[in-house]
Amino acid sequence: VIIDIQEFYFDDGLVPLTGSAEAAAQAKQVLEAFRTRKLPVFHVRHVPESVAIVNGEPADPQYGIRPDVRPVAGEKVISKRFAPLFLPKM
């Protein structure tokens with residue numbers, strides 16, 4: 001499961017986080033290992049309700065998945081509309 005490796009968390013993004021590039025590099029290694037072994041891969045991305053999803057992609061590119069971990073055919077993409085993935089919407 002690749003969670004929230006999205007443009008808005010990187011240097012030119014809306015909410016840049018320390019260590020984003022390093023986290024993405026680690027995620028890419030894990031992703032490549034799963035793909036090589038033909039194991040299931042799931043991508044989870046945060047797309048707030050204020051951002052439309054058009055043809056399967058967020059209308060605002062800030063919410064796009066980073067190119068180095070972008071899904072390929074057959075990988076499931078789950079869009080969550082609120083930030084906490086494992087908590088109920090409050």
Side-chain angles (χ1 to χ4, degrees):
V1 177
I2 306 293
I3 302 173
D4 291 350
I5 307 290
Q6 295 173 260
E7 296 294 343
F8 65 91
Y9 285 132
F10 289 78
D11 287 342
D12 293 330
L14 297 170
V15 188
L17 298 177
T18 301
S20 298
E22 294 81 1
Q26 291 288 328
K28 181 179 179 180
Q29 289 180 354
V30 172
L31 179 60
E32 289 173 350
F34 269 63
R35 287 175 175 164
T36 298
R37 292 170 179 80
K38 300 192 183 328
L39 296 170
V41 174
F42 298 88
H43 299 264
V44 180
R45 65 181 176 200
H46 173 64
V47 183
E49 291 177 348
S50 61
V51 176
I53 297 175
V54 180
N55 297 321
E57 292 297 322
D60 184 339
Q62 283 284 312
Y63 294 94
I65 295 173
R66 292 285 290 192
D68 44 352
V69 295
R70 191 161 287 147
V72 298
E75 294 177 353
K76 177 75 175 160
V77 178
I78 300 162
S79 296
K80 58 189 174 77
R81 293 302 210 162
F82 55 99
L85 175 60
F86 299 107
L87 299 175
K89 185 174 182 180
M90 298 185 167

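The structure displayed is predicted, hence computed values, not measured ones.
- Contact of the Glu7 side chain with the Arg66 side chain is registered, since non-hydrogen atoms from C-beta on lie closer than 4.5 Å.
- Partners of Tyr63 by ring pair (Phe, Tyr, Trp, His ring centres under 6.0 Å), not counting sequence neighbours, listed by chain and number: Phe8.
- Smallest separation of non-hydrogen atoms from Val77 and Pro71: CG2-CG, 3.5 Å.
- Listed by first then second residue, pairs satisfying ring-ring contact (aromatic ring centres under 6.0 Å, His included) with a partner in residues 14-37 number zero, not counting sequence neighbours.
- The list of side-chain hydrogen bond (donor to acceptor under 3.5 Å, both in side chains) pairs with a residue in residues 29-48, not counting sequence neighbours, reads Arg35-Glu75, His43-Glu75, Arg45-Ser79.
- In the hydrophobic clustering of ILVMFWY residues, with side-chain heavy atoms under 4.5 Å counting as a link, Ile53 and Ile65 come out together.
- Note on Phe10: it clusters hydrophobically with Val69, by side-chain heavy-atom contacts below 4.5 Å among ILVMFWY residues.
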Indicate every side-chain donor-acceptor pair of residues 12-24 with a distance under 3.5 Å to a residue at least two apart or in another chain.
residue : atom : partner : partner atom : Å
Ser20   : OG   : Tyr9    : O            : 2.5
Ser20   : OG   : Leu17   : O            : 2.9

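- With sequence neighbours excluded, no residue forms a salt bridge (Lys or Arg N to Asp or Glu O under 4.0 Å) with Arg70.
- Shown here for Val44 and Val1, the closest heavy-atom pair between the two residues is CG2-CG1, 4.0 Å.
- Closest of all the heavy-atom pairs between Pro58 and Gly64 is CG-N, 4.3 Å.
- The shortest side-chain heavy-atom distance between Lys80 and Val47 does not fall under the 4.5 Å cut-off.
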